[in-house]
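What follows is a short report on a single structure.
Only heavy atoms go into these numbers, but all of them, side chains included; no hydrogens, no water, no symmetry mates. All of these numbers come straight from a predicted model, not from anything done at the bench.
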Amino acid sequence: MSSDRPNGPSRRSTATRGRGAPAVSGQADLNPAQRAAVQYIDGPLLVLAGAGSGKTRVITRKIAYLIGTAGIAPRHIVAVTFTNKAAREMKARVAALSSRGGTTGLTITTFHSLGLEILRRERAAAGLKAGFSLLDEQDSDALLREILRHGDDDPATADARARISQWKNDLVPPAVALSHAADEREARQARLYGEYERALRAYNAVDFDDLILRPVELLRDHAELRERWQNRVHHLLVDEYQDTNGAQYELVRLLVGVRGALTVVGDDDQSIYAWRGARPENLARLREDLPRLRVIKLEQNYRSSTRILRAANALIANNPHLFEKKLWSELGPGEPIRVVQCRDEEHEAERIVAEILQRRYGRNEGFGDCAILYRGNHQARLFEKALRAHDIPYFLSGGQSFFARTEVKDVMAYLRLLANPDDDAAFLRLVNVPRREIGPHTVEKLGGYAGSRGIGLLAACEELGLSSVLSGRPLERLRELAHWVARHVRIADREGTVEAVRSVLRDVDYDDWLREQSSSPKTAERRAENVAELVEWIARLQGDDRDASLAEIVQRLTLQDVLERQGDETGGERVHLMTLHAAKGLEFPNVYLAGVEEELLPHRSSIEADTIEEERRLAYVGITRAQRTLTLTFAARRRRFGEQISCEPSRFLAELPAKDLQWEGRDTPGDRETQRQRGRESLAGLRAMLGDDG
DNA sequence: CGGTTTCGCTTTTTT
DNA sequence: AGCGAAACCG
């Protein structure tokens, strides 16, 4: 997403983006295509927006136009993005464009948050009880493993979750999946799918995919409900439309209805999520489903120099296209694109980092103007190490999410169980965390009893009949646990979520458990910090919305509605480290694209699966992030799974225009020494500057 | 039942 | 190499 500035070259780094231009009443600062896209509100519109062509700008300006000029009430406008970050950014930019208070009621959210909102409001129709749990991917994984343990034992179901997710994204229910199964393996997966769905319902829980799937079912099957929502949405705007999957397409269609007031913005060349169900052909499908569809192309790029753009165009020309478009720019040729061969992955990291130092102290550019992009998260390690060695501040995005951490999951499980007594998945997680002397045997018995009575595990703990299968100490322990949970539910009701969490943590002495579990005091401390951070977030959420129930808070946390790491505001003067996927929508003056090798980019698995085109788009996304300089690096050898392998430069390098490339570093020792020397000098400079003598 | 060891899998990407 | 889960031992 480029900033909302008048069209033209930008010297500003991403760190200072978002300040935005002052509100403009006319549309004089838009180019003709952009203006047309903003002002066309008479029917469905598809905006094909090339990289850096100002697509977010068009959406935000259009929202302002819909409110200000077309006179549509903000509460009838819904804008949908894929990431919370994009939604946040869009909100901020719309707010900057509109007069104060003029956007009250406006909805700008993600697909998943919108789905959750619908589910919450239509809970009864969806057959969900209050406080229903939202399972993240790990939770559903654990649930599947649990089902497998009890049912048939088949390790062939390893990728069952992915398959189930696919089915859900395609709106295929278990029965249909089973009847269409191609082979026994798939049939097994389909049966597992059925059991999984039954478990979810029994647990009063939904997973991420359900946040789209279930609203679609609701809107499809209940006319009254559908009308109500269609009446609410007078104009729907969808960003990154090429990333929608089958279910999301259907959700959009159902919300828009016959009115057809829809603006979608997308770029088939930036479709990089096919692996998780995205259907770029949804762009083309719109034309069939909405005959009145108008198509507007945004082809002027305001981001990159022409060399960079030429390389991007040349690369992507090797892909088939749904829509033809050619990006152009007026920014001048700029510097050549450099291709740097490195000895190995360490050398690659060193060279890039040395160069960043050179930029910072040789040319006085900011660290924040530099980004290192790569295919897989594991590649970040080396760069982190090199950056740390030189005391360069960096910002790492992606990697293990905050909510994937054990300690955070533990606390979340407690909260889920408090909100939803049927959440057996949560119960199983915390039943012995910390140790309560309730072992697998006891849990097994409890599960059997609960199953036979058709109730949840927690409820079973309190039933008198349980004494028929359990007795003595184990029974005692289960009863204690149930009473303890009930007490905390009361605390949550009376004193709020935050107090309940604090009480839970105090009661179980969670810090002590962490100390006991962690290998070193240091990691224990880190984990305790994470827990503290979570509590802070909960406190903040409750502060924002006094009425928010425990369940709502937990749901929002699971959606990562908040948090999302230190985020943009920490940006500052830091080198940005991220995957190509995470880089989509961002821009940086200087981009280093690392590991441009066969088996890495394109990735090995994509070569095997013959999905090179998506890899090419990924490379395209990487290249088009660059504003002024672009450096592609690859290593001659690299360590994979511990063993050394030799690497070949990526085929994509051969697809770039040779005249725009400048090859470097057929590694001579002198070169290497020079780089090191430069690095040392720059490091000395940095230290002097900071007055740091450590 | 709880702690330790060993094994095996990972590294594609994530709302 | 590094991490989590099963397997094994006390």
Side-chain angles (χ1 to χ4, degrees), chain A residues 80-87 109-116 134-138 140-142 145 148-149 153 155 158-159 161-162 165 168-169 207-212 239-240 243-245 247-248 271-278 345 373-382 385 397-401 403-406 432-443 473-474 477 516-517 519 523 558-561 563-565 578-585 595 599-609 611 614-615 617-619 621-622 638-645:
Chain A
V80 185
T81 64
F82 275 86
T83 66
N84 298 306
K85 190 169 152 207
T109 36
T110 63
F111 267 105
H112 289 88
S113 299
L114 178 65
L116 179 60
L134 173 55
L135 305 193
D136 68 22
E137 222 148 303
Q138 287 181 40
S140 24
D141 240 355
R145 256 181 277 120
L148 281 173
R149 189 167 304 165
D153 38 344
D159 53 342
R161 213 210 357 86
S165 184
K168 289 186 154 193
N169 288 161
D207 66 15
F208 275 4
D209 297 325
D210 287 333
L211 293 181
I212 313 295
D239 192 16
E240 304 279 14
D243 289 338
T244 52
N245 61 35
Q248 284 157 341
S271 163
I272 54 175
Y273 287 109
W275 55 272
R276 71 170 202 224
E345 73 266 45
L373 310 181
Y374 38 79
R375 177 68 228 260
N377 266 129
H378 64 284
Q379 287 172 268
R381 280 231 155 100
L382 276 302
K385 191 176 149 197
S397 77
Q400 206 201 17
S401 118
F403 287 97
R405 301 189 153 104
T406 342
N432 223 11
V433 172
R435 250 167 253 122
R436 259 180 273 270
E437 300 175 294
I438 303 171
H441 182 72
T442 308
V443 174
R473 202 179 164 88
R477 295 295 183 184
E516 199 182 311
Q517 288 296 298
S519 44
T523 56
T558 308
L559 263 187
Q560 313 208 4
D561 202 341
L563 207 75
E564 211 135 271
R565 318 283 264 150
M578 68 188 85
T579 64
L580 287 165
H581 283 86
K584 190 166 71 147
E599 312 237 306
L600 210 51
L601 182 68
H603 193 269
R604 194 182 181 185
S605 56
S606 292
I607 296 172
E608 280 162 13
T611 53
E614 179 145 314
E615 296 290 303
R617 289 192 288 268
L618 211 38
V621 166
R638 178 181 296 274
R639 195 178 251 104
R640 187 168 69 195
F641 302 140
E643 63 172 337
Q644 282 289 332
I645 55 158

Just jot down the side-chain hydrogen bond (donor to acceptor under 3.5 Å, both in side chains) partners of A/E345, sequence neighbours excluded, or say none.
none

What's the closest nucleotide to the A/T83 side chain, out of B/dT13, B/dT15, B/dC1?
B/dT15

Just how far, in rounded Å, is C1' of B/dT15 from CG of A/L134?
11 Å

For A/P474 and for A/L618, find the nucleotide of DNA chain B with the closest heavy atom, then tell me which residue's nucleotide is more 5'.
A/P474

In whole angstroms, the gap separating P of B/dT14 from CG of A/N169 amounts to 17 Å

Atom-pair distance (CG on A/D243; C1' on B/dT13), nearest Å:
12 Å

Close side-chain approach of A/T558 to A/H112, heavy-atom, < 4.5 Å:
no

Listed by chain and number, what are the salt bridge (charged side-chain N to carboxylate O under 4.0 Å, His left out) partners of A/R473, not counting sequence neighbours?
A/E437

From C-beta outward on A/T442, which listed nucleotide comes closest to its side chain: B/dT15, B/dT14, B/dC1?
B/dC1

Below the 4.0 Å mark, does B/dT14 have OP1 or OP2 next to a side-chain nitrogen or oxygen of A/T579?
yes

Send over the distance from A/N377 CG to C/dA1 P, rounded to a whole Å.
21 Å

Under the 5.5 Å and 30° test, is A/W275 stacked on the base of B/dT13?
yes

State whether A/T558 places a side-chain N or O below 4.0 Å from either non-bridging phosphate oxygen (OP1 or OP2) of B/dT15.
no

Do A/Q379 and A/L600 come within less than 4.5 Å of each other through their side chains, counting heavy atoms only?
yes

Restricting both atoms to N or O, compile the protein contacts to nucleotides 8-11 of chain B shorter than 3.5 Å, with distance only.
| residue | atom | partner | partner atom | Å |
| --- | --- | --- | --- | --- |
| B/dT11 | O2 | A/H378 | NE2 | 3.4 |

Check the distance between B/dT15's P and A/D239's CG and give it to me in whole angstrom.
15 Å

In whole Å, what is the span from the OH atom of A/Y273 to the P atom of B/dT14?
6 Å

Using the C1' atom in both, what is the distance from B/dT11 to C/dA6, to the nearest Å?
22 Å

Rounded off to whole Å, could you give me the CZ-to-P distance for the A/R477 and B/dG2 pair?
10 Å

Among residues at least two apart in sequence or on other chains, which ones pass side-chain hydrogen bond (donor to acceptor under 3.5 Å, both in side chains) with A/T109?
none

Applying salt bridge (charged side-chain N to carboxylate O under 4.0 Å, His left out), can you list everything that pairs with A/R276, at least two apart in sequence or on another chain?
none

A/K385 NZ - C/dG2 P separation (whole Å)
10 Å

Could you tell me which residues satisfy ring-ring contact (aromatic ring centres under 6.0 Å, His included) with A/F82, sequence neighbours excluded, listed by chain and number?
A/F111

